[in-house]
Amino acid sequence: MRRRKTAIFFLVLGIALSILTVALNVGWILLNLREVVLLIIGIIFFALITTGIILNTIFLVREIRRSEQHDAFLNSVTHELKTPIASIKLYLETLKTRDVTPEKRDEFYNVMLADTDRLLQTVEQVLNAGRAGEKRRQMNPTEVGIGAVLNDSIAAVRTRYNLDDDVIRITEPAADLKVLGNEEDLRTAFVNLLDNAVKYSGGEKRITIRTKRTKLNNKVDIFIRDNGIGIPSTELKRVFKRFHRVADEAAKNTKGTGLGLAIVRAFIERHGGRVRADSKGEGRGTTFIVQLPLI
Ligand code: ADP
């Protein structure tokens with residue numbers, strides 16, 4: 001009887017201890033689980049907050065940069081508009097108030113015409129930038145000869161800068177190089193590239209244009225090479241962004257709006273093409289390579 005009682009006691013004790021152990025274990029697990037869950041939630045929130053802060057900072061830095069570029073753009077456009085207007089006004093006032101010789105008058109007219117061209121160029125550049133931004137623009141494509149477009153563009157830039165014939169040289173492209181697209185947009189793109197090649201070159205300018213047909217995929221590569229100030233490797237991609245201008249001493253001294261290459265890229269890509277810049281570095285010239293699909 002005693003043994004039984006003792007057995008029951010130990011049995012109850014065993015069961016009680018087992019229950020206690022299980023309760024303790026489960027409790028311990030539950031308690032820690034809460035902590036683990038809290039830890040995981042904490043880590044997730046921490047990661048989310050950190051990502052949020054990083055994204056926010058990137059966004060702010062970009063916005064600040066963009067706003068600075070907008071300011072620089074507004075300043076340069078205002079300057080590009082104001083300078084020729086001020087000059088024309090001065091010449092008109094002189095013509096009105098003074099007796100000038102016929103030769104001088106002719107000279108004044110020529111300066112005023114050049115100033116008007118400069119004004120028109122700036123306005124056209126801004127208008128083109130607006131057109132470049134239009135996503136769904138109707139192109140009304142026609143067959144365009146690459147040779148003719150390049151020759152027209154060279155002629156326009158030669159007149160604009162009064163250049164000798166041998167400053168811009170072209171190896172005659174094959175006559176059958178034709179693309180499907182808008183002739184005016186293509187001319188605008190090449191004039192912008194040639195204009196830059198002249199603008200960002202020093203005294204002895206040498207600009208060459210070479211075309212190379214890629215037989216494999218029926219495309220044409222057009223190389224526009226200058227011997228100018230060059231572009232640092234870190235800037236080769238960025239120069240195509242709207243308003244972006246290289247901040248080097250050499251580039252800073254040249255007037256511009258930062259729109260030209262963005263227009264070039266938009267117009268070339270609209271023709272199914274691509275454009276990139278290549279340069280061995282500062283002072284070592286630049287080559288722009290335009291690739292267009294042929295008909
Ligand atoms: P803009 O000439 O009006 O500043 P662009 O968009 O045409 O604007 O060019 C962007 C920048 O790229 C220029 O400010 C200049 O720093 C650089 N760049 C363009 N073309 C050349 C070139 N041929 N040689 C050297 N730098 C160039």
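Counting starts at 1 for both ligands and their atoms, following the listed order.
Side-chain contact check for Ile209 versus Thr171: every heavy-atom pair is 4.5 Å or farther apart.
The closest side-chain donor-acceptor pair between Thr214 and Asn217 falls under 3.5 angstrom.
Not a single heavy atom of Glu235 sits closer than 4.0 Å to an atom of ligand 1. Residue contacts with ligand 1 leave out Gly228, since none of its heavy atoms falls under 4.0 Å from the ligand. Residue contacts with ligand 1 leave out Phe240, since none of its heavy atoms falls under 4.0 Å from the ligand.
A donor-acceptor pair under 3.5 Å is absent between the side-chain atoms of Asp115 and the main chain of Ile85, judged by distance alone.
Considering backbone and side-chain atoms alike, Gly260 places an N or O below 3.5 Å from some N or O of ligand 1. Looking at Val246 next to ligand 1, an N or O pair under 3.5 Å apart turns up. Inclusion of Thr286 in the set of residues having an N or O under 3.5 Å from an N or O of ligand 1 is warranted. The N/O atoms of Lys255, backbone and side chain alike, include none that comes under 3.5 Å of an N/O atom in ligand 1.
Protein heavy atom at the shortest distance from atom 26 (N) of ligand 1 is Ile231 CG1, 3.3 Å.
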Output, in order, the C-alpha distance, side-chain angles, deciding distance and verdict of side chain to side chain contact (heavy atoms under 4.5 Å, CB included) for Ile289 and Arg210. CA-CA 10 Å; Ile289 303 123; Arg210 190 165 60 86; over 6 Å; no
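Using the six-membered ring where Trp is involved, Phe288 and Phe240 have ring planes that are perpendicular, over 60° apart on the 30 and 60° scheme.
Within ligand 1, the atoms closer than 4.0 Å to a non-hydrogen atom of Thr257 are 1 (P), 3 (O), 4 (O), numbered from 1 in the order shown.
Counting heavy atoms closer than 4.0 Å to ligand 1, residue Asp248 contributes nothing at all.
Checked for salt-bridge contact, Asp176 and Arg213 meet the test: a charged N lies under 4.0 Å from a carboxylate O.
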